[in-house]
Amino acid sequence: MIIVMRADLPAGSHDLDQVVRVAESYPGIKAHIHVVHGASRSVTEVHLHGSTATIPTKPFEEFEGVEKVVRVSEKYRSIGRHGGQMEALGFEHNGVKITQDSLHVFAGLCAVDNPRNVEDTFKALQSFGLTTARMGAYKPRTSPYDFQGHGASCLPYTFELAGKYGVKIVTMEVTHESQIGEIRRSLELTGHATGVMLQVGTRNAQNFELLKAVGQAADMPVLFKRGMGITLEESLNAVEYVASSGNRRIVFGLRGMKTNLGDPHRNFVDFAHVPVVKRMTRLPVCIDPSHSVGRRATAPDGLLEIFHVTAQAVIAGANMVLVDVHPRPAEALCDGPQALLLHELEHLLLDVEIARKAYQERCSLAASRPKAGT
Ligand code: PEP
Ligand code: MN
């Protein structure tokens, strides 16, 4: 059961305390308070944990400060929309607001290789007006003989350079919970030169201990990438581990599915699921065209295939684009063949703007029409 408090709760109201008191007067019930930052307002929710099936809603509805009481299904308790009754969850991190209505492009190296390439990438991002980036220090590789990432040793210069070029958030994959502490220590060492969003990669989508660990990291949001060989439902259950461990600042990432039916793309592009995830969950949705397409092929119309799939997701309402770029792909130690050149990133950003405008026009048109099904 979730009790949603009124957003305009008068100062000095004791209704929140009273709601918690009433909730915890039922045997075995624990109340957890969450403040939700949506696109247009912030609201306080009281989540009741324990067996709530027989608890009546009336005692809560009687408080003036309560907006509504929602009985949630077992599934996706924290992240679910529960039949459209729960509004989207968003968050602000280091000055960047991410919601189901916003759009940000996070561009950068798949894997940090050397300071020169990191610096040239951040410098280019700044010249294109981007303040959001991706960088990999810990790489989960299919073969143990492949480059595994420079690990903690590259964090200080990566964060310092991010700060130097105005990057506010870097998404960075972690493959083990000990790396969360390493990232935290490097951020402190560099005087919090930038912010970090922890990334859980597709290969760790059901690494439940890692999911719980990032769920306990209250200081950093999480980008969860869908498991490439499991159902959407299994991935949604997995991400619920993060939310139920305490961290609800989550972005759900689509990055393609492992099947030969998608050939010649690296993974079968799953961006038709953008509106589905936004309907089923309260989370902003990210797409990763680089790991989906996996190559820099250009279509006969002059557009890279990476541009085409990105536009398809943006026109469907995606909130974040995670894209590999490299100033010198031949020097890349991981995924060079799919990295955009810097001038191609500039082109992608202009192309994304066109798709985003089209999405906004589609929303305005939908708002002016009779509701579907009525
Ligand atoms: C990545 O983003 O660097 C990555 C390894 O992605 P994925 O987990 O989707 O393969
Ligand atoms: Mn990669």
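When a ligand or atom number is given, it counts from 1 through the structure's own listing order. Just so you know, these numbers come straight off a predicted model, no measurement behind them.
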**Report entry** Nearest-neighbour protein heavy atom for atom 10 (O) of ligand 1, which is reported as residue plus atom name and distance
**Finding:** R255 NH2, 2.7 Å

Query raised in the report: What orientation do H347 and F307 show, parallel under 30°, tilted 30 to 60°, or perpendicular over 60°?
Result: perpendicular

Report summary line: min-distance protein heavy atom vs atom 8 (O) of ligand 1 -> T202 N, 2.8 Å

Report task. Could you check whether the rings of F106 and H104 sit parallel, tilted or perpendicular, using 30° and 60° as the cut-offs? Result -> perpendicular

Query raised in the report: Considering only heavy atoms of G201, which atoms of ligand 1 have at least one such atom less than 4.0 Å away?
Result: 8 (O)

Query - Polar contact flag for R134 and ligand 1 (N/O pairs, less than 3.5 Å) - result: yes

Report task. Answer yes if the ring centres of H176 and Y138 are under 6.0 angstrom apart, and no otherwise. Result -> no

**Report entry** Proximity of Q199 to ligand 1 by residue part, where a heavy atom lies under 4.0 Å
**Finding:** side chain

Query - Set of ring-ring contact (aromatic ring centres under 6.0 Å, His included) partners for H150, sequence neighbours left out - result: F147

Query raised in the report: Which atoms of ligand 1 have any heavy atom of K139 under 4.0 Å away?
Result: 1 (C), 3 (O)

Query - salt bridge (charged side-chain N to carboxylate O under 4.0 Å, His left out) assessment of R41 paired with D8 - result: CA-CA 10 Å; R41 61 177 206 158; D8 55 349; over 6 Å; no

Requested in this report: Specify whether H47 and H34 have parallel, tilted or perpendicular ring planes, treating 30° as the upper limit for parallel and 60° as the lower limit for perpendicular.
Outcome: perpendicular

Requested in this report: Using the rule that two of Ile, Leu, Val, Met, Phe, Trp, Tyr join whenever any of their side-chain heavy atoms come within less than 4.5 Å, decide whether I180 and M135 are in one cluster.
Outcome: yes

**Report entry** H37 and R249: side chain donor to acceptor below 3.5 Å
**Finding:** no

Requested in this report: Answer yes or no: is there an ion pair linking K225 with E173, defined by an N-O contact shorter than 4.0 Å?
Outcome: no

Query - Other residues, nucleotides, ligands: >12 heavy atoms within 6.0 Å of H14 NE2 - result: no

**Report entry** Atoms of the protein (N/O/S only) found under 2.8 Å from the Mn ion (ligand 2)
**Finding:** C110 SG, H291 NE2, D335 OD2

Query - Taking atom 4 (C) of ligand 1 as the reference point, the nearest protein heavy atom with its distance - result: H291 NE2, 3.5 Å

Query raised in the report: So which protein heavy atom does atom 5 (C) of ligand 1 come closest to, and at what separation?
Result: E173 OE1, 3.6 Å

Report task. Report the nearest protein non-hydrogen atom to atom 6 (O) of ligand 1: residue, atom name, distance rounded to 0.1 Å. Result -> K225 NZ, 2.8 Å

